[in-house]
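Heavy-atom basis, side chains included; hydrogens, waters and symmetry copies ignored.
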Amino acid sequence: MEAAETSVGRGFIMPEDGGEPMVSIVVPAFNEASRISESVQKIDAFARHSPLSLELIIVDDGSRDETAQIVRGLDVKGLRLIQNSENHGKGYTVRQGVLAACGRYVLFTDADLSAPIEELNKLLDVALREGADVVIGSRNVDRRYIEKHQSRVRELGGMVFNLMVRLFLGLHLGDTQCGFKLFHRMRSRAVFEKQTTAGFGFDPEILFVAKRHGLTIREVPVHWSHAEGSKIRFLRDGLRMFFDLARIRWNAIVGRYS
């Protein structure tokens with residue numbers, strides 16, 4: 001189904017303003033009515049005090065609650081809303097937002113802001129100083145940055161999944177699943193165009209494709225605090241993510257990422 005896009009309210013650069021934002025911030029959202037307003041206001045407050053030119057894109061993935069209506073009602077200049085008529089999955093939604101972005105860099109962040117938006121400065125500093133194409137926030141580089149942990153079962157599941165990512169895809173990264181990643185938009189565009197994973201298992205795919213395309217990836221510790229209300233169902237989505245790894249490896253073998 002086609003997505004509808006609207007501009008909402010009135011602090012960020014819009015495409016018609018004529019200037020390229022330094023960073024486009026993409027927030028995928030599905031049934032986030034309880035927190036989307038607070039999250040957008042936090043990002044807006046950050047933007048108003050930042051020397052960076054920023055763009056904010058909320059991608060509503062067919063929410064069944066009032067997420068889209070709440071976003072439309074926010075008085076935030078230049079906020080862009082992309083609304084899907086049905087749910088496709090987080091990977092699909094992030095890809096959609098990244099490909100619609102106009103910034104020199106694109107950050108995607110979870111709607112719960114488990115990693116505070118201020119951590120963008122840390123990722124962008126590494127991107128600019130080291131010339132990195134991809135900079136990912138990590139909970140595992142330095143676990144002292146974790147302010148509130150997930151349940152022990154979820155943390156153990158994450159460790160097992162990370163081991164499988166290393167075995168299947170050869171990605172030697174401490175944390176592929178943290179929802180706080182920065183990409184150089186033009187250098188990474190082909191990565192997202194080749195992305196095939198629509199669900200929660202998309203992160204290893206885009207990082208795997210980025211590595212195959214010769215992009216430089218840096219991992220940076222970020223402050224992170226677990227937020228209740230995760231959309232991931234541990235067993236169901238966990239199994240799908242493991243199958244996604246096998247499919248990604250097969251895609252590579254048959255040349256779909258060439």
Side-chain angles (χ1 to χ4, degrees), residues 26-28 89-95 97-98 105-115 119-120 122-123 126-127 132-143 145-146 149-151 153-184 187-188 190-192 194-227 230-234 236-252 257:
V26 172
V27 182
K90 184 179 179 182
Y92 180 99
T93 307
V94 168
R95 179 181 185 273
V98 170
Y105 291 90
V106 183
L107 173 85
F108 73 77
T109 179
D110 290 341
D112 58 19
L113 296 184
S114 292
E119 297 292 81
L120 165 60
K122 189 183 298 180
L123 271 61
V126 171
D133 302 309
V134 182
V135 186
I136 65 174
S138 175
R139 296 161 291 188
N140 293 334
V141 169
D142 188 340
R143 295 184 66 80
Y145 282 75
I146 300 178
H149 286 258
Q150 303 177 86
S151 69
V153 171
R154 284 182 178 269
E155 289 196 340
L156 287 173
M159 293 175 187
V160 173
F161 184 73
N162 182 263
L163 177 61
M164 298 301 290
V165 168
R166 291 169 181 256
L167 291 174
F168 273 80
L169 305 182
L171 286 175
H172 297 285
L173 298 168
D175 186 2
T176 60
Q177 299 310 113
C178 181
F180 201 77
K181 295 182 174 69
L182 183 74
F183 297 83
H184 187 285
R187 295 179 202 149
S188 301
V191 171
F192 287 92
K194 292 179 182 296
Q195 177 190 332
T196 64
T197 306
F200 290 110
F202 77 99
D203 298 81
E205 183 179 31
I206 57 176
L207 295 173
F208 176 72
V209 177
K211 181 182 176 183
R212 286 178 68 91
H213 281 233
L215 301 187
T216 55
I217 303 172
R218 297 289 182 267
E219 192 170 13
V220 176
V222 292
H223 289 279
W224 189 88
S225 182
H226 174 65
S230 170
K231 303 300 186 298
I232 296 180
R233 298 294 173 263
F234 184 72
R236 182 197 67 186
D237 294 318
L239 286 172
R240 288 177 179 173
M241 289 165 69
F242 281 114
F243 282 118
D244 283 337
L245 294 181
R247 183 177 51 77
I248 293 165
R249 170 48 67 186
W250 175 251
N251 284 347
Y257 300 132

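- The distance between the ring centers of Phe192 and Phe183 falls below 6.0 angstrom.
- Here the straight-line distance linking atom CD1 of Ile217 with atom NZ of Lys211 works out to 7.5 Å at 0.5 Å rounding.
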For this session: List the steps, then state whether side-chain contact (heavy atoms from CB on, under 4.5 Å) holds for Val106 with Leu182.
Result: CA-CA 6 Å; Val106 183; Leu182 183 74; 6.0 Å; no
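- Proximity of Met159 to Leu156: side-chain heavy atoms (C-beta onward) are separated by under 4.5 Å at one or more points.
- In this structure, NE2 in His184 is found 10.0 Å from OG1 in Thr216, a value given to the nearest 0.5 Å.
- No hydrogens or angles considered: a donor-acceptor pair under 3.5 Å links the side chains of Thr196 and Arg247.
- The shortest side-chain heavy-atom distance between Met164 and Met241 does not fall under the 4.5 Å cut-off.
- Phe208 and Leu171 make their closest contact through N-CD1, 3.8 Å (heavy atoms, listed as atom of the first residue, atom of the second, distance).
- Taking all atoms of both residues into account, the shortest heavy-atom contact from Pro204 to Leu169 is CB-CD1, 3.7 Å.
- Note on Lys181 versus Glu219: no salt bridge recorded, every NZ/NE/NH1/NH2 to OD/OE distance being 4.0 Å or above.
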For this session: Starting from the C-alpha separation in whole Å, work towards a yes-or-no answer on side-chain contact (heavy atoms from CB on, under 4.5 Å) for Val94 and Gln195.
Result: CA-CA 10 Å; Val94 168; Gln195 177 190 332; 5.7 Å; no
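- Distance check, rounded to the nearest 0.5 Å: NE2 of His213 to OG of Ser188 gives 10.5 Å.
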Exercise. Yes or no on side-chain contact (heavy atoms from CB on, under 4.5 Å) for Cys178 and Ile136, after CA distance, side-chain angles and deciding distance?
Worked result: CA-CA 8 Å; Cys178 181; Ile136 65 174; over 6 Å; no
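- The pair Asp133-Arg218 fails the salt-bridge criterion, with no side-chain N (NZ, NE, NH1 or NH2) lying under 4.0 Å from an Asp/Glu carboxylate O.
- Judged by distance alone, with hydrogens and angles left aside, the side-chain atoms of Asp175 form no donor-acceptor pair with the main-chain N or O of Val141 at under 3.5 Å.
- A donor-acceptor contact shorter than 3.5 Å links the side chain of Lys122 to the backbone of Pro221.
- Here the straight-line distance linking atom OG of Ser225 with atom CD of Gln150 works out to 10.5 Å at 0.5 Å rounding.
- Ring-plane geometry between His223 and Tyr145 is classed as tilted, the angle between the planes lying from 30 to 60 degrees on a 0 to 90 degree scale.
- If you check the side chains of Tyr257 and Glu205, you find a donor sitting under 3.5 Å from an acceptor.
- Side-chain contact check for Phe180 versus Leu113: every heavy-atom pair is 4.5 Å or farther apart.
- Looking at heavy atoms from C-beta onward, Phe108 lies out of side-chain contact with Arg95 at the 4.5 angstrom threshold.
- Classified by interplanar angle (parallel below 30°, tilted 30° to 60°, perpendicular above 60°), the ring pair Phe242/Phe161 is perpendicular.
- Applying side chain to side chain contact (heavy atoms under 4.5 Å, CB included) to Leu107 and the options Val26, Val27, Val135, Leu123 leaves one that passes, Leu123.
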Problem set entry | Worked verdict on Glu155 versus Arg143 for side-chain contact (heavy atoms from CB on, under 4.5 Å) | CA-CA 12 Å; Glu155 289 196 340; Arg143 295 184 66 80; 3.3 Å; yes
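- Here the closest heavy-atom approach between residue Ala127 and residue Tyr105 is recorded as CB-CE2, 3.8 Å.
- Separation of atoms CG (Leu215) and CD1 (Ile206) is listed at 11.0 Å; rounding is to 0.5 Å.
- Arg166 places a side-chain N or O within donor-acceptor distance of the main-chain N or O of Leu173, the cut-off being under 3.5 Å.
- Annotation for Val191 and Ala210: closest pair CG2-CA, 3.8 Å, computed over non-hydrogen atoms.
- Remark: the Ser138 side chain and the Asn140 side chain contain no N/O donor-acceptor pair separated by less than 3.5 Å.
- Of all heavy-atom pairs spanning Asp244 and Gly201, the tightest one is OD2-CA, 3.7 Å.
- The minimum heavy-atom distance between Ala115 and Val222, with the atom names listed, is CB-CG2, 4.4 Å.
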